[in-house]
Amino acid sequence: MKPSKTSLQAACALAASLLLGSAYAQPAPAPAASAPLTLRAEVGKPLLEAQALLKDKKYTEALAKIKEAEAVPNLTPYEKMVSERMHGVAASGVGDHAAAVAAFDAAIASGLLKPDEESTLTDAIAREAFNAKNFKRSAEAANREIELGGKDALMHELRIKAYYLASDYAAVVRYARPEFDAAEAAGHPANESMLRVLASSYNKVGDQAGYAHALELLLARYPNSDYWLDRLARLANQTGFADPLMLDVYRLKAATGTMTDTDDFVQAAQRALAVGLPIEARTFIEAGYKAGKLGIGAGAANEKKLRDSIAQTAAEDEKALRGGAGGGRKSQSQFDTGQEMVMAGQFGPGIAAMEQALAQGGLKQPDWARLHLGEAYLASGNQAKAVETFKTVTGTDGAADLARLWAIHAAYVKPAAVPGKG
């Protein structure tokens with residue numbers, strides 16, 4: 001991260017104001033600590049010449065003049081501060097970032113700078129230290145600049161990058177998480193690279209919940225297959241995840257275009273068939289054939305048998321569904337039938353049956369039912385109702401996580417991508 005022209009120009013401007021605002025005193029013995037803030041002629045003259053050279057970006061020549069001033073015996077604290085300030089600007093100009101940091105540090109240590117002047121130099125130190133690959137010092141300076149109320153918005157990003165490159169991942173999490181969450185809430189999300197830094201830092205410190213949160217921020221703004229695969233794999237392996245919800249993981253993988261393994265299509269179909277959803281099972285199997293993942297290789301014969309079996313069962317189910325969900329059923333049976341109707345493309349009556357069954361109560365897993373109702377709304381094209389329903393899903397068995405991910409997906413993918421729409 002190179003120092004911006006603005007920061008370097010501000011540093012130069014500060015050097016000029018300090019120099020030109022000083023009156024020359026006649027050569028004198030070493031001044032007392034309480035001496036006035038003036039420059040002796042033998043110091044001021046080469047510094048003025050250096051200032052002109054800095055203006056013309058002749059940094060090497062300017063540095064020589066500054067060193068000439070620094071060689072004057074018995075520099076006063078003020079003279080030393082002004083020369084250090086200019087030395088930092090010139091050193092930055094010739095690419096000696098470590099020397100620039102040392103000079104700016106010395107100028108601040110003089111205690112002679114006003115708050116806004118200290119802020120300008122602190123900003124420059126953060127950038128120069130970063131360029132010198134002294135990331136710990138860069139992060140410290142960025143922190144200090146933010147504390148001083150500096151107006152450089154990039155200091156927050158530089159601080160996080162510097163802490164990350166200094167391998168202080170806990171500090172990245174400490175500062176980045178609240179800043180990124182606040183930015184997201186305000187509709188100004190962090191850029192993708194910075195969210196990746198946060199995710200990586202969570203991973204480095206072993207905070208899997210935090211890593212999942214960072215992945216979801218990435219999915220909400222910069223979705224891609226790698227993020228989806230990572231998040232869904234971790235969800236399926238997290239402690240306490242309910243195995244029956246794997247079918248919902250496969251549904252979400254299909255919806256996000258990340259179900260690409262042969263075993264995924266087979267497992268998804270078998271799971272759908274096991275819970276009485278042969279029409280959905282058929283959708284998964286046919287998707288596998290369409291993708292060129294099934295019907296080839298050593299498993300082709302078994303896959304064909306499974307395909308034929310599922311096709312027959314699905315056809316029988318479709319025939320039975322023509323009579324509707326029926327009345328007087330137990331809630332769970334009615335809900336399951338309604339869900340299968342949705343898979344068959346009968347969205348209106350299917351969703352109505354699911355809603356009625358949920359309202360009646362008595363379902364084995366109400367949160368799972370709400371999750372599935374949200375999926376049905378999304379399949380029907382009612383994204384707003386789907387997201388509203390997903391927000392009602394609670395629990396720690398994975399259903400709430402899935403609902404949150406479905407809501408993220410619903411925000412930017414057309415409902416037609418959801419499997420089982422018909």
Side-chain angles (χ1 to χ4, degrees), residues 181 184-185 208-223 225 227-259 268 271-272 275 277 280 284 331-332 335-336 338-340 342-343 347 350-359 361 363-421:
D181 284 351
E184 182 71 25
Q208 295 309 304
Y211 182 78
H213 175 77
L215 271 181
E216 289 179 21
L217 290 177
L218 282 163
L219 285 170
R221 296 293 180 174
Y222 313 101
S225 58
Y227 298 151
W228 276 113
L229 284 169
D230 193 355
R231 181 68 187 99
L232 291 173
R234 288 172 183 270
L235 173 58
N237 290 314
Q238 75 182 26
T239 301
F241 183 80
D243 183 70
L245 291 175
M246 270 304 301
L247 177 55
D248 295 277
V249 172
Y250 287 125
R251 288 169 180 162
L252 193 46
K253 289 186 73 172
T256 57
T258 55
M259 191 159 71
R271 283 178 176 271
V275 294
L277 299 173
E280 183 180 28
F284 283 122
S331 295
Q332 190 64 57
F335 187 90
D336 294 343
Q339 188 175 14
E340 181 71 338
V342 169
M343 298 299 172
F347 300 116
I351 288 174
M354 294 171 74
E355 290 174 331
Q356 184 179 15
L358 191 57
L363 296 178
K364 298 175 183 176
Q365 296 284 354
D367 276 312
W368 297 7
R370 283 188 283 272
L371 171 64
H372 297 154
L373 180 58
E375 293 170 2
Y377 283 132
L378 188 58
S380 73
N382 193 341
Q383 290 170 291
K385 190 67 174 177
V387 172
E388 178 186 328
T389 304
F390 289 138
K391 289 180 179 179
T392 67
V393 180
T394 60
T396 59
D397 58 6
D401 301 279
L402 279 161
R404 193 169 57 252
L405 291 169
W406 271 108
I408 290 172
H409 167 70
Y412 62 85
V413 176
K414 293 181 180 179
V418 179
K421 188 174 180 180

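Keep in mind it's a predicted model, so treat the numbers as computed, not measured. Numbering of residues begins at 1 and proceeds along the displayed sequence.
Side-chain N/O atoms of E280 and Y250 include no donor and acceptor closer than 3.5 Å. Between the side chains of D248 and W406, no donor N or O sits under 3.5 Å from an acceptor N or O.
Heavy-atom minimum distance, F347 versus V342: CE2-O, 3.6 Å. Looking at every heavy atom in both residues, A236 comes nearest to M246 through CB-SD, 3.5 Å. Annotation for Q238 and G398: closest pair NE2-CA, 4.3 Å, computed over non-hydrogen atoms. The shortest non-hydrogen separation linking G338 to A353 is CA-CB, 3.9 Å. When all heavy atoms of F390 and A407 are compared, the closest pair comes out as CD1-N, 3.8 Å. Across all non-hydrogen atoms, the minimal contact from A254 to F284 is CB-CE2, 4.1 Å.
The shortest side-chain heavy-atom distance between L363 and W368 does not fall under the 4.5 Å cut-off. Using a 4.5 Å cut-off on side-chain heavy atoms (C-beta onward), T389 and E355 make no contact. Looking at D181 and H213, their side chains come closer than 4.5 Å, going by heavy atoms from C-beta outward. Using a 4.5 Å heavy-atom threshold, the side chains of F335 and H372 count as touching. Taking 4.5 Å as the limit, every side-chain heavy atom of P244 sits out of range of all side-chain heavy atoms of V275. Side chains of L371 and L245 form a contact here, defined as non-hydrogen atoms less than 4.5 Å apart. Counting heavy atoms from C-beta on, the side chains of L232 and L405 come closer than 4.5 Å.
If you take CG on D401 and CZ on R234, they are separated by 13.5 Å, rounding to the nearest 0.5 Å. One distance of note links NE2 of H409 with OG1 of T256; it measures 7.0 Å at 0.5 Å rounding. With values rounded to the nearest 0.5 angstrom, E216 atom CD is found 8.5 Å from L235 atom CG. In this structure, CZ in R221 is found 4.5 Å from CD in E184, a value given to the nearest 0.5 Å. Atom NZ of K253 is separated from atom CG of L229 by 6.0 Å, given to the nearest 0.5 angstrom. Distance check: I351 CD1 to L358 CG gives 12.5 Å after rounding to the nearest 0.5 Å.
Panel note: side chain D367, backbone T394; a donor-acceptor pair is recorded below 3.5 Å. A donor-acceptor pair is defined here as one N or O able to donate and one able to accept, closer than 3.5 Å; no such pair exists between the side chain of T258 and the backbone of S225.
Taking 4.0 Å as the cut-off between side-chain N and carboxylate O, K364 and D336 do not count as a salt-bridged pair.
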